[in-house]
Structures are given as structure tokens and as C-alpha cells.
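Numbers restart at 1 for each chain; the letters A, B, ... are given by sequence-line order, proteins then strands.
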There are 2 protein chains.
Amino acid sequence: MKNSEKKVTIKDVAQLAGVSKGTVDRVIHNRGEVSAESLKRVLDVIDRIGYKPNVYASLLASRKHYRIVCLIPDFESGEFWEIAYKGILKAYEECQDFNVTVDVVRYDQFRVDSFQQACRNTIQEAPDAVLIVPMFSDSAAQFVNELHARQIPFVFIESKLPDTPYLAYFGMPVFESGYLSARLLLKHQCAKEVACFRFHRSGDALSNTASIRQQGFTAYLEQHGEACKLWVDYLYPSVCDENTKILDRFFEKHPDVRHIVVFNSRSYIVAEYLRMRGMGDRVLLGFDPLERNVAAMKAGYIEYIIAQKCETQAYRGVKALCNYFVFKTSPSLKDNYMSMEVLTAENVNYYTDLAIE
Amino acid sequence: MKNSEKKVTIKDVAQLAGVSKGTVDRVIHNRGEVSAESLKRVLDVIDRIGYKPNVYASLLASRKHYRIVCLIPDFESGEFWEIAYKGILKAYEECQDFNVTVDVVRYDQFRVDSFQQACRNTIQEAPDAVLIVPMFSDSAAQFVNELHARQIPFVFIESKLPDTPYLAYFGMPVFESGYLSARLLLKHQCAKEVACFRFHRSGDALSNTASIRQQGFTAYLEQHGEACKLWVDYLYPSVCDENTKILDRFFEKHPDVRHIVVFNSRSYIVAEYLRMRGMGDRVLLGFDPLERNVAAMKAGYIEYIIAQKCETQAYRGVKALCNYFVFKTSPSLKDNYMSMEVLTAENVNYYTDLAIE
DNA sequence: TTTTATATCGTGCACGTGCACGATATAAAA
DNA sequence: TTTTATATCGTGCACGTGCACGATATAAAA
């Protein structure tokens with residue numbers, strides 16, 4: 001107990017197998033040039049004494065160097081995709097210790113040509129691995145096929161293309177998050193009518209997250225036979241006068257609506273309207289704890305925020321690729337779903353996306 | 001970009017400062033025997049070229065070995081403290097790579113003499129660092145003073161003794177979690193009466209967590225001037241006939257109670273009663289996603305579970321101590337509060353306490 | 001038999017650091 | 001002046017691994 005058992009080294013294996021450490025090394029790395037007899041003896045010894053190579057000594061000696069490229073949507077400060085970027089940076093810090101560098105290539109999430117250009121650039125960089133947010137499914141499918149042909153491993157975050165040979169996926173259960181949002185809203189002071197505000201999308205981006213969430217929402221309504229009506233209307237993705245007019249008209253038409261849901265990260269736009277019109281009695285549910293959403297929640301204009309831990313998704317995605325090279329391990333799960341956290345004014349202060357030591 | 005800048009080594013520093021690597025090493029580790037002139041030159045160079053020692057090469061060379069002892073309550077399989085134990089094990093796995101071993105000493109959380117004995121045993125082991133769940137505040141205070149006198153760093157998890165020189169604390173905001181529980185229950189279909197079931201505690205354990213949560217609960221009631229009554233009764237900490245009788249009497253006396261809160265991890269006891277009596281229409285809120293609680297939630301007898309991420313607390317506690325030795329860093333925050341996750345039947349399947357890659 | 005090709009293996013250096021040990025210069029004591 | 005003590009410093013080995021290179025044994029070809 002006091003003096004814990006010494007670590008077994010490659011030298012111990014060599015001695016017990018009656019060969020040199022060079023031969024053991026050849027066995028470990030499948031480098032060939034080993035007789036069947038030696039091979040068996042070495043493998044037996046490794047198995048028997050449970051030899052595990054010292055990763056850090058290995059790292060020191062090998063001088064190998066890997067490069068990961070991350071393909072994510074561009075963003076302004078405070079917007080959703082900044083969160084993923086932060087997770088990438090944190091992972092990068094840790095990767096540096098392992099001779100792994102991380103580069104980020106950004107694309108305009110509203111323009112498919114921008115995405116395609118980013119893909120071409122990435123291929124040209126000849127990376128050792130790729131992390132990708134596959135916003136445009138057709139182009140992304142083509143891109144990951146190209147990667148696969150070049151034997152470049154890749155992981156998805158946020159959404160995935162199921163029929164591709166991805167190493168891992170880190171995301172949230174989208175349908176279920178919509179389902180959950182219905183549950184939270186409807187049981188909150190017994191909702192009878194719910195407004196749902198969606199957003200016009202310029203460009204032909206995939207991003208059907210909001211649509212799938214709405215499916216989850218209506219699925220809950222159907223399954224629980226609630227006598228609850230759902231009114232859907234469309235806004236523009238920024239705080240602007242058009243939105244004010246749209247919302248004015250909406251609430252004129254539906255004066256009894258007390259509950260509102262927004263299926264993306266821009267619920268602050270509706271919250272801002274509620275504040276302006278003194279409609280603080282409405283119950284608003286949104287997604288993603290952006291600073292503006294959290295501020296609106298603290299001010300009392302958003303009741304629930306569902307958080308999806310995007311920073312953790314990105315962090316774990318990069319780390320999975322790093323571990324793949326350094327430790328030769330694949331993630332234990334191919335599909336990894338983050339928890340859906342329910343935030344209210346009472347616990348939002350303690351919310352942390354990525355907490356590592 | 002392609003060939004990233006080479007890492008600067010101690011040899012580079014030595015060359016630029018016009019000394020040998022031995023002298024640089026003496027400067028880095030404050031080992032003395034360096035002239036004022038050399039000291040300044042070396043420090044200047046380190047600062048200028050931003051030299052950072054290679055932790056893994058250092059680890060390989062130094063052969064230093066540290067031992068962490070964790071002092072936690074004993075548990076049966078499936079009980080609350082098993083979660084902390086799991087977190088310790090996961091951290092241990094990672095620590096092994098750094099020549100850090102972790103031992104666990106358990107005590108009976110209901111007996112102060114057991115705790116004191118565990119403290120004595122720990123001191124005798126002469127550990128390099130200690131992680132502790134300070135269930136009995138007086139004895140724990142004495143113990144950590146002893147540790148401090150011996151210059152042994154220590155961290156708290158779960159609860160803390162504020163006026164002691166702890167390295168870090170990882171826990172949940174207890175009062176706020178009670179506050180949150182009131183918010184969730186009262187806004188759920190407009191609660192009017194709430195039952196609160198506490199537990200008899202044999203022994204004189206500290207563990208005032210439940211009491212503090214109740215304070216948070218009533219604070220919410222007061223601040224929001226709800227016309228809501230709170231009835232408190234006491235149970236025994238296991239599924240047994242006495243509890244059935246107590247609960248029968250309670251609900252006979254309070255037939256209109258539809259909402260129930262339990263401030264510790266044993267809400268499954270009440271859920272079991274509800275199932276037995278066919279009282280599935282009651283709305284029960286409990287703490288900690290033990291297997292039995294989660295099962296009761298999925299069966300429809302628990303509406304909300306507040307999770308406190310105990311596994312993460314323990315994991316981060318151990319890692320903080322490990323990093324303290326290996327990287328010579330203290331945690332950036334002394335007090336670290338975990339998020340309070342709100343679990344319902346709709347998101348409990350995706351709950352993960354500790355998710356690392 | 002001698003030469004050549006091939007399969008198999010061991011040796012030794014390098015990675016960046018920690019540290020023991022001995023070397024050197026200088027000052028103080030004899 | 002010679003001896004001794006002290007302050008300061010450099011050298012070289014070790015940690016465990018990866019890998020290039022050369023060494024050896026054996027079989028095939030000449």
C-alpha cells in the first residue's frame with residue numbers, strides 16, 4: 001500500500017519474453033519483422049502482466065504531430081455559435097500538450113456556397129481529422145465522403161448525417177427537447193393556448209432543428225390530449241420594427257394567449273417585445289442561455305430556458321479526435337447526447353456548460 | 001501554420017541566458033545556489049520567450065509520487081454516497097498517469113465516533129492531500145486544523161466549513177435548491193397545499209442539508225406571498241410499515257394536499273407509498289437521481305427531481321488536488337457550485353452527472 | 001563451397017526534464 | 001604561501017518510449 005507496485009515497462013516485458021525491447025516495440029505497433037514464436041511470447045507476457053505503454057514517454061519520444069480542423073458557422077459576439085467556439089478553444093488548450101493543433105474554419109450558415117468553399121479549403125489543408133457542424137446536408141454528405149475516401153476521421157456536433165461513417169456525434173436530442181418544452185409550458189399554471197414564434201430563414205440552410213422541436217412539441221400535445229391550441233407565426237431574426245408590428249397584430253388577434261414558445265436561441269427578441277409592451281405576465285420558454293436570454297430571464301420576461309450544452313459538445317468532439325490519435329481509443333459511445341437542462345430564474349446563476357478541472 | 005513553432009525547451013533557455021540547463025533548473029525550482037546575476041538573466045529569458053516546462057517529460061524524470069486520501073460516508077449499493085465514490089474512482093483513473101494514487105476511507109455518517117476514528121486513521125496514513133465530506137462540523141474542524149498544521153492541503157465536497165483554510169470546495173447551493181424546489185412545485189398546476197416529509201435521524205450527524213433546503217423553500221413562500229400552506233411530517237429512512245401508517249394518518253388529516261416535497265434522496269419511499277395507495281395524481285418533488293428515484297419518476301410517481309451532480313463534485317475535488325501537485329496550480333475558484341438540474345420524465349433519460357472524454 | 005537475399009532481431013540515440021555529483025573559482029584561514 | 005571552506009556552476013545519468021540502423025542467422029542461388 002505504501003510503496004505502490006512499480007509500473008511495468010517495456011523492458012520488463014522484453015526480459016520476461018526473452019527478447020529485446022525493440023522486438024516488443026515492433027509487436028506493440030504492429031510493425032512486423034517478428035517471428036510467430038516471438039510474437040506469441042510477447043503478447044502472452046503483455047497480457048499476463050498487464051503492460052500498458054506510458055503515454056507520456058511515448059509522446060515525448062515519438063514527435064508525432066496531428067492537426068484537427070473544425071468546420072463551424074461564423075458568429076457575432078454573443079450569438080449561439082460562439083459557445084461552440086469556446087468549447088473548441090478549451091479543448092485546444094489541452095490538445096497542445098499532446099502535439100495536436102486545432103484550426104477553425106468558419107462558414108456563413110445562411111449560404112451553401114460559403115459552406116462548400118469552407119469544405120474545399122479544409123480538404124486542401126490536408127488535416128488529420130475534422131470536426132463539423134453539417135448545416136447543409138447534401139454538401140456535407142459529399143464532403144464527409146471525400147474525407148472517408150482519404151481516411152480522415154471526422155465527428156459531428158449539433159446535428160449529424162446518420163448514414164455516414166462518423167467517428168462520433170455529440171449533440172442534443174432535438175425532438176425530445178421540443179417534447180420537454182411542451183411539458184414545461186403546459187403544466188405551468190395550466191396553459192390553454194400557446195403561441196409559437198418561428199423565424200424566417202434566408203438562404204436554404206438545413207437547420208431544421210426548430211422544425212423538429214415543433215414536431216416534439218405537437219407530439220406532446222397529441223399524446224396528452226390537452227385541450228390546448230397552438231398558434232404559429234413568423235418573425236425576423238433580429239430586434240426590429242417589423243417584428244413589433246407582427247407581434248402587435250398577433251396579440252390583437254389572440255388576446256388570451258398567456259404562454260409562448262420559441263424553438264431557437266432568439267427568444268430574447270420576443271422577451272424584448274414583452275418588456276416594451278408591459279406584458280410581463282406572459283410565460284415565455286426559449287432555448288440556449290445566451291447572455292441576452294439570461295438577462296431577459298432575470299428581468300422576468302423569460303420563464304424557462306432549455307440549455308443544450310453546446311460548449312461541451314464541441315469540447316468533447318475535439319477531445320475525442322485528440323484521444324483517437326494520442327491514446328488510439330475511439331469514444332465508448334458513437335452517439336453522445338448531452339443533458340437537456342431546464343433553467344429558471346432560480347437556478348440560472350449556477351448553470352455551467354463545461355466544467356472541467 | 002503547417003509546421004507549428006517548435007516548443008522551447010530548457011536547453012533553449014540555457015543557451016540564451018549563457019548558462020547550463022542545470023542552472024536553469026535551479027532557477028525554475030527555486031533550489032538556490034544561483035548567483036543574483038544568473039538568476040536575473042534566466043528569469044528574463046524565460047519571460048521573454050515564454051518558456052513552459054514540458055509537464056510530461058518532467059513527470060517522467062521526477063519519479064515523485066503523491067497520495068490522496070478521500071474521507072466519505074459509507075454506503076450501500078444504490079445509495080447517495082455511491083455517486084461520490086464513482087466520481088473518485090474516475091478521477092483516480094486519470095491520476096494514476098501522474099503518479100498520484102487515491103485511497104478512500106469511509107465512515108458511518110450516523111456515528112460521530114466512526115468519523116473521528118476515520119480522521120485518526122487518515123492522519124496516520126500521512127497522506128499528501130485529503131478530500132473530505134465534513135458531516136460532523138466540530139470534529140471535522142479539529143481534523144482540518146490538524147491537517148493544516150501538517151501542511152496537508154484539503155478540499156471539501158458536498159458541504160464545507162467556511163472558516164478553514166481549504167484549498168477548494170465543490171458543492172451545490174443548498175438554500176437555493178430548496179428555493180428552486182418551491183418555485184417548481186408551486187407553479188405546477190397552481191399548488192395550494194404542500195406536504196413536506198422529513199426524516200428522523202439517529203445519531204447526532206450534522207447533515208443539516210435538509211433543514212437548509214426547507215429554509216429555502218419557506219423563503220420562497222414568504223417572498224411570493226403565496227396563499228400556500230406547508231405541512232411537515234417525519235418518516236423513517238426506509239420503506240417500512242411505520243411509514244405507511246404515518247402517511248395514512250397524514251393524508252387522512254390533509255385530504256386536499258396534492259403537492260409533496262422531500263428534501264433528501266429518499267423520495268422513492270414516498271413514491272412507493274403513492275403507488276401502493278393508487279395516489280398517482282399527487283405531484284412529488286425529490287432530490288438526487290438515484291436509480292430508485294428515477295424508476296419512480298418513470299412510473300409516474302415523482303414529477304421533479306433536482307440533481308446536484310455529486311459525482312462531478314467528487315471528481316473535480318480529486319482532480320483539483322492532483323493538479324495542485326502535478327501542475328502546481330490551485331483551482332481558479334475556491335468555491336465551486338455545481339448546477340442544479342431539473343429532471344422530469346421527459347429529460348431524465350439524458351441526464352448525465354459526469355461527462356468527460 | 002561461396003555468395004547473395006531475406007527474415008528476424010538487438011543496440012543505441014533521442015525526446016525534455018530532475019537531480020546527484022563533482023568541478024571550478026573565490027574568499028577566508030592557517 | 002598553502003590549505004580549507006564556500007558559493008556557484010556544468011556534466012551526465014535516468015525516466016520509458018520510438019525508431020533508425022546495423023548485426024546475425026538462415027535459406028536460396030551461384
Side-chain angles (χ1 to χ4, degrees), chain A residues 3-43 45-46 49-66 96-100 325-328, chain B residues 3-43 45-46 49-66 96-100 325-328:
Chain A
N3 281 329
S4 77
E5 69 293 337
K6 271 192 251 159
K7 292 230 175 168
V8 286
T9 72
I10 202 171
K11 226 188 295 181
D12 301 319
V13 176
Q15 201 166 11
L16 288 170
V19 297
S20 74
K21 73 191 186 69
T23 301
V24 177
D25 187 72
R26 275 182 282 270
V27 171
I28 292 172
H29 296 93
N30 289 314
R31 289 201 275 124
E33 303 191 17
V34 177
S35 68
E37 193 191 3
S38 297
L39 181 69
K40 180 173 162 24
R41 278 223 304 278
V42 169
L43 287 177
V45 171
I46 287 177
I49 67 176
Y51 166 74
K52 293 258 182 291
N54 180 324
V55 179
Y56 305 105
S58 164
L59 222 51
L60 192 60
S62 84
R63 314 291 312 144
K64 267 184 197 144
H65 191 272
Y66 297 99
Q96 278 180 311
D97 292 336
F98 301 107
N99 297 333
V100 173
F325 291 122
V326 176
F327 301 97
K328 317 291 177 205
Chain B
N3 281 329
S4 76
E5 70 294 334
K6 271 191 251 160
K7 291 228 177 169
V8 287
T9 73
I10 201 170
K11 225 189 293 182
D12 300 320
V13 176
Q15 202 164 10
L16 288 170
V19 297
S20 73
K21 74 192 186 66
T23 300
V24 176
D25 187 71
R26 274 182 282 271
V27 171
I28 293 173
H29 297 92
N30 288 315
R31 290 201 275 123
E33 303 191 16
V34 176
S35 68
E37 195 191 1
S38 298
L39 181 68
K40 180 173 162 25
R41 279 222 304 277
V42 170
L43 288 177
V45 170
I46 287 179
I49 67 178
Y51 167 73
K52 292 259 184 290
N54 180 324
V55 178
Y56 305 103
S58 164
L59 222 51
L60 192 60
S62 83
R63 315 289 312 140
K64 266 186 199 143
H65 191 272
Y66 297 99
Q96 278 180 311
D97 291 337
F98 300 107
N99 297 333
V100 174
F325 291 123
V326 176
F327 301 97
K328 317 290 177 207

Legend entry - Those residues that, when tested against A/S35, pass side chain to side chain contact (heavy atoms under 4.5 Å, CB included) (two or more places apart): A/E37, A/S38

Inset, instruction - Could you tell me whether the side chain of A/I28 reaches within less than 4.5 Å of the side chain of A/V42, counting heavy atoms only? - result: no

Inset, instruction - Could you say whether B/L60 or A/G22 is positioned toward the 5' end of DNA chain D, judged by the nucleotide with the nearest heavy atom to each? - result: B/L60

Inset, instruction - Let me know, please, whether B/G18 or A/K64 comes out on the 5' side of the other along DNA chain D by nearest nucleotide. - result: B/G18

Inset, instruction - Would you kindly compare B/A61 and A/E33 by the position of their nearest DNA chain C nucleotide and give the one closer to the 5′ end? - result: A/E33

Legend entry - Pairing pattern in dot-bracket form [Watson-Crick, G-U; both distances under 3.5 Å; | = partner strand] for DNA chain C: ||||||||||||||||||||||||||||||

Inset, instruction - Using a heavy-atom cut-off of under 4.0 Å over every strand shown, decide if B/V55 touches base, sugar-phosphate, or nothing. - result: nothing

Legend entry - Nucleotide range of DNA chain C lying under 4.0 Å from chain B heavy atoms: C/dG16 to C/dC19

Inset, instruction - For residues A/V326 and A/V55, determine if any side-chain heavy atom of one lies less than 4.5 Å from a side-chain heavy atom of the other. - result: yes

Inset, instruction - Scan A/D12, A/I10, A/L16 and name whichever one has a side-chain contact (heavy atoms from CB on, under 4.5 Å) with A/Y51. - result: A/I10

Inset, instruction - Report the residue from A/V19, A/V45, A/T9 that forms a side-chain contact (heavy atoms from CB on, under 4.5 Å) with A/V24. - result: A/V19

Inset, instruction - Take atom NZ of B/K52 as the centre, draw a 6.0 Å sphere, and report whether it contains more than 12 heavy atoms from other residues, nucleotides or ligands. - result: no

Legend entry - Main-chain N/O of A/A17 paired with A/R41 side-chain donor or acceptor, under 3.5 Å: yes

Inset, instruction - Could you tell me whether B/N54 contacts a base, only the sugar-phosphate backbone, or nothing, with contacts defined as non-hydrogen atoms closer than 4.0 Å? - result: sugar-phosphate

Inset, instruction - Indicate yes or no: at least one non-hydrogen side-chain atom of B/F98 is less than 4.5 angstrom from one of B/F325. - result: no

